[in-house]
Protein chains: 2
Amino acid sequence: MRKRSQTELAVLGALSLAPMSGYRVRAEILSTLGHFWAESFGQIYPTLARLEAAGLVARDGNALYVLTEPGRLRLVELLREAPESSPPRNGVLLRLFFGRELGIDGCLELFDQMEREVQEKLRALAEIRAELDPGDPDERFALITVSAGEHSGRATLAWIAESRAALTVPPMRPKV
Amino acid sequence: MRKRSQTELAVLGALSLAPMSGYRVRAEILSTLGHFWAESFGQIYPTLARLEAAGLVARDGNALYVLTEPGRLRLVELLREAPESSPPRNGVLLRLFFGRELGIDGCLELFDQMEREVQEKLRALAEIRAELDPGDPDERFALITVSAGEHSGRATLAWIAESRAALTVPPMRPKV
DNA sequence: CTCCCCATGTAACTGGTTACATGATTCA
DNA sequence: TGAATCATGTAACCAGTTACATGGGGAG
């Protein structure tokens, strides 16, 4: 699957929620998918133009983009394709791995900064969760993505606590 | 920080471990940093050429690349820069979010596939961990990165179990 | 009337992958 | 001798960001 298709997928998906302008598509992706997905203006408009040329979306009376029937079929097709995982690139782990060069203090600063970011993220997720209705079958899917972020965030906090201890307590050779 | 610098960082970091060929740099990044970092040939060779032109690395008698003193300083400088987090793009969450279009069965397949991948990853991490010496102060840093993967993997498994249940048990409205 | 948000787009640039091309060395 | 691995590189392509350019409409 080309990466291109994943942007198409995000745009078609956004339009499956409601007809909206390109500007709104971007706002929707930012606010609703923001904690696990990102698209920039420079991608969204050309993608919309392509999708329109292919008849997968159309403009309604108010010039809003709407998903056409072929568009919905294409969306389902893309949803069934294997999710593409971008090659991992974790800047924090890269730095920690070379912690010998960076120094313990530098590592601890990384932990502090990361801890603040994760806590901030968990706060944001709690807000999103508060607005979702667990009883609504359609919103279960959004809840699952929120839950993913929460699990991941809590795991990161636990890892930070554990790793901070491993760095500050002097290492012991296991007794022979 | 330009993304460019992160590739430089990975390459300089690899050469801080030992002098090696470009081919080895790639192999080292693949095997040692592989679970949280990726570089392709197409990046590594041009980067090495740039680094050599800048005097940050040099060729030794066996034509292996070695880190020069300016190179080591540059490495520390890069390590101290703020880690760049690439914009989040989680293909699985993107698909789950549109689970209404994908269907419950499609979601469950996503979980199955992801579960297998995570279990495979945890197995690979266990192997790496087994080869590391917890008493060696230098290897603590590698252990921390392994631990990050393990925490993350276990969190993902817990999330999958929870989410599978949320999708298969019919949703209940909370009692009033 | 000015500022901010909505709205649409483009061009230049950067970063990164993939496929290709080439050749040396080693080992069965 | 032929396959596998080590080794170095390039060219074409793709994806994505950023900055820029433009303008309408509403609020204060």
Side chains of Arg140(B) and Leu132(B): does their closest heavy-atom pair fall under 4.5 Å? no

Distance, rounded to the nearest Å, where Phe41(B) contributes CZ and dG16(C) contributes C1': 15 Å

Treating Arg89(A) as the side-chain partner and Ala38(B) as the backbone partner, does any N or O pair qualify as donor plus acceptor under 3.5 Å? yes

Pair Ser147(A), Glu162(B): side-chain N/O donor-acceptor within cut-off below 3.5 Å: yes

From CD of Glu84(B) over to P of dT14(C), roughly how many Å is that when rounded to an integer? 14 Å

Using the side chain to side chain donor-acceptor pair (under 3.5 Å) rule, collect all pairs that involve residues 97-106 of chain B, keeping only residues at least two apart or in two chains. Arg72(A)-Glu101(B), Asp138(A)-Arg100(B)

Contacting residues from residues 52-60 of chain B, given that a heavy atom lies under 4.0 angstrom of DNA chain C: none

Any ring-ring contact (aromatic ring centres under 6.0 Å, His included) involving residues 37-69 of chain A? Give me the pairs, sequence neighbours left out, ordered by first then second residue. Phe41(A)-Tyr45(A)

Counting side-chain heavy atoms from CB outward, which of dG15(C), dG9(D), dT17(D) is closest to Gln43(A)? dT17(D)

Any side chain to side chain donor-acceptor pair (under 3.5 Å) pairs touching residues 13-29 of chain B, not counting sequence neighbours? Glu28(B)-Thr32(B)

Does anything in residues 16-36 of chain B come within less than 4.0 Å of DNA chain C? Heavy atoms only, and list the residues if so. none

Consider the side chain of Pro87(B), meaning its heavy atoms from C-beta on, and name the nucleotide among dT17(C), dT10(D), dT17(D) that approaches it most closely. dT17(D)

Assess the side chains of Glu117(B) and Gln113(B): does a donor N or O sit below 3.5 Å from an acceptor N or O? yes

Residues passing the ring pair (Phe, Tyr, Trp, His ring centres under 6.0 Å) test with Phe36(B), sequence neighbours excluded, are none

